[in-house]
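Convention: sequence-line order gives letters A, B, ...; per-chain numbering from 1.
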Protein chains: 2
Amino acid sequence: MTRATSSIKTYNQECADCPIRHRAVCARCESDELEQLEQIKYYRSFEAGQTVVWAGDSMDFVASVVTGIATLSQTMEDGRRQMVGLLLPSDFIGRPGRGTSAYDVTAATDTVMCCFRKKPFEDMMLRTPHIGQRLLEMTLDELDAAREWMLLLGRKTAREKISSLLTIIARRDASLQLNMADGELSFDLPLTREAMSEYLGLTLETVSRQMSSLRKEGLIVTEGKRHITIPDFDRLLEETGDDSDGGFLV
Amino acid sequence: MTRATSSIKTYNQECADCPIRHRAVCARCESDELEQLEQIKYYRSFEAGQTVVWAGDSMDFVASVVTGIATLSQTMEDGRRQMVGLLLPSDFIGRPGRGTSAYDVTAATDTVMCCFRKKPFEDMMLRTPHIGQRLLEMTLDELDAAREWMLLLGRKTAREKISSLLTIIARRDASLQLNMADGELSFDLPLTREAMSEYLGLTLETVSRQMSSLRKEGLIVTEGKRHITIPDFDRLLEETGDDSDGGFLV
DNA sequence: CATCTGGGTTGATCTACATCAAGGTTGTCG
DNA sequence: CGACAACCTTGATGTAGATCAACCCAGATG
């Protein structure tokens, strides 16, 4: 059980009791000059399912997720949708230097965001190289995640995709550390079957079938529709197709 | 024919006759203090097919592609491979703050890279915020490209994938502007069928079949195995599944 | 309490792409 | 020049996952 435990621990290492993890560009975990951010920040809440901005809409702010989960998606003319970003607490939204959103941003669960108006934020970036550096680091992390995701989309089977998604959520969701005991862990799935299918490049029927199949084989235990227990994290990891020491570089 | 012409022109707007385009972090297009980079840079050449570094290997440099094409790929234990990065001249390789490569880096064609030893480069970054800013911009561009790519991998059909790849290469390859005349353009495919299949998440047989099918329908004209002419760029664009004004944001 | 609605499951069938297999073309090297 | 090695094409067949369709369940709502 050791790897499961350790690989989860490594992710969320600083600011244990602060809702904004250490990678966030947010005043809470900062000190120094960054208190200036305090003056330009404000909070917004969204309900599960609500759209924050549509692709192409103008967006005059950047933001950091405080609680809840948001997604970035692209839609083709005929309605096919692909999720391209999954934003957990501390993740950053928006691109300095661009006035419109390139993606649909949607709240997957009830969500609170810490927003900064774009112009003052960009001014701050110029004055405070520190922020740019953090942003670079975060963007590089996101790029790595996107590339991992590309491997999933391009080459993994449906079963591997589902297993991967479950381990990804397990690793990234800070809340579930509490429920953890010798390799068993449980959490509430923050995504509907449909959202999962958009993440994975599958249909929701296939997602449902594969979840059932993992359940029947005892790799996961479900309680209601959303609550999931993983009795043996390592066993699930073996289903992901990743090499055992997987590129968990963040 | 206008869109084809215009969408190609926008990409490569500065430094028309410099092999390093404006996005590059390279001394050639810089002036000022960046001449310091001159002192820590050196060139390396690779033959088509040669591996630059393997995933996991230590990598003590960052680099910028000068000529040729390099790829980043991930490999699963059982050999399934997915390309996750396609690097054209001016594109950047390597991640500041990381000592090993996360991906296999391969030269797809004969390639020259402009390398900077990692340590001095990182020192420079600290002293010169300008470089960090550029790197951030480039990384954000790459992230956008990766997300476009995710849509392709997750939701497009084989035919749409092939058409998309051809338009992507056409748009990004500076050399072919020369051959352009009222919407017709031609270029040498820099990738083998196998490399294309790794890019697209397909098998090489499927790539071959779809190329044949596009050829039979007159969407492309081939000369030998690699030289491709696109008689009507807009018509090919319609096969990509992208909305007509597609997110060409760079 | 009945009904409606938004998720979720499961079955039957179809199909796009993978897989397996054979053969073609081009270039290189003894 | 012959033969080998990359690379590419095409055909026959198999299958994972899509599609179409029916039904289930829990919570909300009048």
Side-chain angles (χ1 to χ4, degrees), chain A residues 47-50 76 78-82 106-110 152-165 188-217 220-228 239 241, chain B residues 47-50 76 78-82 106-110 152-165 188-217 220-228 239 241:
Chain A
E47 283 175 19
Q50 211 183 332
M76 293 171 69
D78 61 2
R80 279 174 282 173
R81 275 171 72 82
Q82 176 63 51
T106 312
T109 63
D110 293 347
L152 177 148
L153 290 171
R155 295 300 184 193
K156 289 190 177 178
T157 64
R159 166 180 263 250
E160 288 168 340
K161 286 178 173 182
I162 298 280
S163 308
S164 298
L165 177 55
D188 281 314
L189 250 192
L191 302 176
T192 63
R193 296 289 183 265
E194 187 179 24
M196 290 173 72
S197 75
E198 281 176 18
Y199 184 110
L200 299 170
L202 298 171
T203 58
L204 71 159
E205 293 96 325
T206 299
V207 170
S208 186
R209 276 186 246 276
Q210 294 294 336
M211 290 288 286
S212 299
S213 143
L214 290 181
R215 177 159 33 76
K216 278 168 197 150
E217 295 174 34
I220 59 174
V221 179
T222 55
E223 216 186 301
K225 295 182 167 188
R226 296 290 195 84
H227 194 80
I228 302 234
E239 301 296 327
Chain B
E47 282 176 19
Q50 209 184 334
M76 293 171 69
D78 60 3
R80 279 175 281 174
R81 274 172 73 84
Q82 176 62 52
T106 312
T109 64
D110 292 347
L152 177 148
L153 290 171
R155 295 301 182 192
K156 290 191 177 177
T157 64
R159 165 180 264 250
E160 288 169 339
K161 286 177 173 182
I162 297 281
S163 309
S164 299
L165 177 56
D188 281 315
L189 250 192
L191 302 176
T192 64
R193 297 289 183 265
E194 186 179 25
M196 291 173 72
S197 75
E198 282 176 17
Y199 185 110
L200 300 170
L202 299 169
T203 58
L204 71 151
E205 293 95 326
T206 299
V207 171
S208 186
R209 276 187 246 275
Q210 294 295 336
M211 291 286 287
S212 299
S213 144
L214 291 180
R215 177 159 32 76
K216 277 169 198 151
E217 296 173 33
I220 59 175
V221 179
T222 56
E223 216 186 301
K225 292 177 171 192
R226 296 291 195 84
H227 193 80
I228 302 234
E239 300 295 328

Exercise. Touch check for G201(A), heavy atoms < 4.0 angstrom, all strands: base, sugar-phosphate only, or nothing?
Worked result: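 Since only primed, P, OP1 and OP2 atoms lie under 4.0 Å of G201(A), the category is sugar-phosphate.
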
Quick one: [X] [atom1] to [N] [atom2], roughly how many Å, whole number?
X: R159(A); N: dG17(D); atom1: CZ; atom2: P; value: 11 Å
X: H227(A); N: dC25(D); atom1: NE2; atom2: P; value: 21 Å
X: E47(B); N: dT28(C); atom1: CD; atom2: P; value: 13 Å
X: R209(B); N: dG11(D); atom1: CZ; atom2: C1'; value: 7 Å
X: L204(A); N: dG6(C); atom1: CG; atom2: C1'; value: 12 Å
X: R226(B); N: dG27(C); atom1: CZ; atom2: C1'; value: 13 Å
X: L200(B); N: dA16(C); atom1: CG; atom2: P; value: 18 Å
X: R80(B); N: dT19(C); atom1: CZ; atom2: P; value: 9 Å

| message | Could you work out, with salt bridge (Lys or Arg N to Asp or Glu O under 4.0 Å) as the rule, every residue matching E217(B), not counting sequence neighbours? | response |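 For E217(B) the salt bridge (Lys or Arg N to Asp or Glu O under 4.0 Å) partners, ignoring immediate neighbours, are R159(B).
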
**Prompt:** Within less than 4.0 Å of OP1 or OP2 of dG17(D), is there a side-chain N or O belonging to T206(A)?
**Reply:** no

**Q.** Whichever of M211(B) and V207(A) has its nearest DNA chain D nucleotide further upstream toward 5'
**A.**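 Here M211(B) is the residue nearer the 5' end.
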
Under 3.5 Å, side chain of [X] to main-chain N/O of [Y], donor-acceptor pair present?
X: Q82(A); Y: Y199(A); value: yes
X: S208(B); Y: L204(B); value: no
X: R80(A); Y: R155(B); value: yes

Between the base of dC20(D) and the side chain of E205(A), is there any donor-acceptor pair under 3.5 Å?
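Indeed, a donor on one side and an acceptor on the other fall under 3.5 Å apart.
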
Of the options [options], whose atoms approach the side-chain atoms of [X] most closely?
X: S212(B); options: dC17(C), dT9(D), dT9(C); answer: dT9(D)
X: T203(A); options: dA18(D), dT9(D), dT9(C); answer: dA18(D)
X: S208(B); options: dT9(D), dG17(D), dC17(C); answer: dT9(D)

In numerical order, the residues of residues 188-199 of chain B whose heavy atoms come under 4.0 Å of DNA chain D are T192(B), R193(B)

The residue among R209(A), R215(A), Q210(A) that forms side chain to side chain donor-acceptor pair (under 3.5 Å) with S212(A) is R215(A)

Partner of L214(A) under side-chain contact (heavy atoms from CB on, under 4.5 Å), picked from I162(A), I228(A), T222(A), is I162(A)

